[in-house]
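See structure below.
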Amino acid sequence: MMIFKEYESEVQSYSRSFPVVFTQAKGSKLFDENGNEYLDFLAGAGSLNYGHNNPILKESLIEYIQNDGVAHGLDMHTEAKAGFLEAFRDIILKPRDLDHKVMFTGPTGANCVEAALKLARKVTGRHNIVSFTNGFHGCTLGALAATGNSHHRGGAGQPLSGVTRLPYDGYLGDNFNTLELFKKMLTDNSSGLDMPAAVILEIVQGEGGLNTASGKWLKELSMICKEHGILFIADDIQAGCGRTGTFFSFDQFDIKPDIITLSKSLSAFGLPFAVTLFDRKLDIWKPGEHNGTFRGNNHAFVTAKKALETYWADDKFASHIHARSEQLKLALNKICDNYPELYRKGRGLMQGICCPSGDIADDITSLCFKENLIIETSGPEGEVVKCFPPLTVSEEEMAHGLNILEQAFDQYFSAHMELKKAS
Ligand code: PLP
């Protein structure tokens, strides 16, 4: 369509991989203007964990709008906000023994990261933040300083400062504990590391290539932080809201982050909505000090509350995610068994296949799109084919998508005989 070419900025990205015009979406499917149906293994980059137009959530929102519920109220108290906070307290915070307060920031992931970094600096009186290789935290200047990717960093147009980067778990190979470097630098007064206000990290790195941190590494990092008065910020914007199988991606680990950022699927309906959660002792904000017009989204409060009550009040949804994750793991392992150049990465419903290059991964996702599977890449060179279906995906839909993916790899490798199929 010419209108996009003529008027939409060159900054557009996902539309380049999937150059059709979408008109409708339902569950795990998208439909284009010519009536073609696509299986969505991108899920709004993690913003559609509960599927497109989830009927339970849609109904609650339609009812709210029909009754003239408040759509926008700045940060004034509304019934919808109270409903969300109560559900979040009862279903998410209390059962995890998290005594965290909820700060409604601007509605994007970058917004809640900015608030987290600002608060950590304000509380500790230190300026430096430690972030990790391949971490992605957003494209506003503060968040971008903590982001590793040079393509995104290159867009800043000014120095990105206030952050020291250290190697993430596994960055130097399986047998090297990268925290040894951090520990040494913190105790050597000539290491050049300004004492950090906080560390910020993803428990599973979404954009950085599905790298996972182990429970042991995370626990050790949290102990180092405690010892030196450094705040631990878990950026759960992409890996949270159930993506790894539990509501928070760190639920199964013995850590309690001081600050947690959530966005993407928090609204559960694809609506813009973000929060920064922090230990109540850290709540030293002055009224309106970190302000914004769109903080909290009343429509999102309604759908988020409904999603918490529907999907997280018991273990059924977590069991469903676990079953689909195992299905995904088996299928990806099967593909990797066929081609020794490939290996599986990630966990839960954020797993993928690492290819020898970004070009190969691109060819695979293009082949998938020809078969109406929407799937993207991640990693420093875009070398990881990343399976990101809605968490509500059915067993049949998952099997169908994985079948397309397997055939794409077979087609690619049979056309490139230099990369021979394993015997
Ligand atoms: N943090 C993580 C872990 C992310 O994956 C993202 C986006 O992909 C962000 C922050 C930034 O979120 P947003 O794009 O909504 O600003």
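We count ligands from 1, going down the list as the structure has it; atoms in each ligand are counted the same way. Residue numbers count from 1 along this sequence.
- Enclosure of atom NE2 in His322 is not indicated, since only 12 or fewer non-hydrogen atoms of other residues, nucleotides or ligands lie within 6.0 angstrom.
- The protein heavy-atom contact nearest to atom 8 (O) of ligand 1 is Lys264 NZ, 3.0 Å.
- Not a single heavy atom of Gln205 sits less than 4.0 Å from an atom of ligand 1.
- Of all protein heavy atoms, the one lying nearest to atom 5 (O) of ligand 1 is Gln238 NE2, 2.7 Å.
- If you check which protein heavy atom lies closest to atom 2 (C) of ligand 1, you get Phe136 O, 3.3 Å.
- Ring centroid separation for the pair Phe294 and His72 comes in under the 6.0 Å cut-off.
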Could you go through Thr303 and His299, starting from their C-alpha distance and side-chain angles, then the distance that decides it, and tell me whether this counts as side-chain contact (heavy atoms from CB on, under 4.5 Å)? CA-CA 7 Å; Thr303 50; His299 290 168; 6.0 Å; no
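- Checked by distance only, ligand 1 and Asp235 come closer than 3.5 Å through their nitrogen or oxygen atoms.
- Within ligand 1, the atoms closer than 4.0 Å to a non-hydrogen atom of Thr108 are 15 (O), 16 (O), numbered from 1 in the order shown.
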Would Glu207 and Gln238 count as a side chain to side chain donor-acceptor pair (under 3.5 Å) if you check the C-alpha gap in whole Å, the side-chain angles of each, and the deciding distance to 0.1 Å? CA-CA 9 Å; Glu207 299 305 302; Gln238 186 159 156; 2.9 Å; yes
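- Residue Gly138 has no N or O atom closer than 3.5 Å to an N or O atom of ligand 1.
- For ligand 1, none of its N or O atoms has an N or O atom of Ile237 under 3.5 Å away.
- Applying side chain to side chain contact (heavy atoms under 4.5 Å, CB included) to Thr377 and the options Ile364, Val384, Asp362 leaves one that passes, Asp362.
- At a distance under 4.0 Å, a protein heavy atom can be found next to atom 15 (O) of ligand 1.
- Between Phe104 and Phe301, the distance separating the two ring centers is shorter than 6.0 angstrom.
- Taking the centre of each ring, Tyr38 and Phe18 stay at or above the 6.0 Å mark.
- The Ala110 neighbourhood of ligand 1 comprises atoms 11 (C), 12 (O), 13 (P), 16 (O), with distances under 4.0 Å to a heavy atom of that residue.
- With no hydrogens or angles considered, no side-chain donor-acceptor pair links Asn111 and Thr105 at under 3.5 Å.
- Against a heavy-atom cut-off of under 4.0 Å, Glu202 is close to the following atoms of ligand 1: 3 (C).
- The nearest heavy-atom contact from the protein to atom 12 (O) of ligand 1 is Gly109 CA, 3.3 Å.
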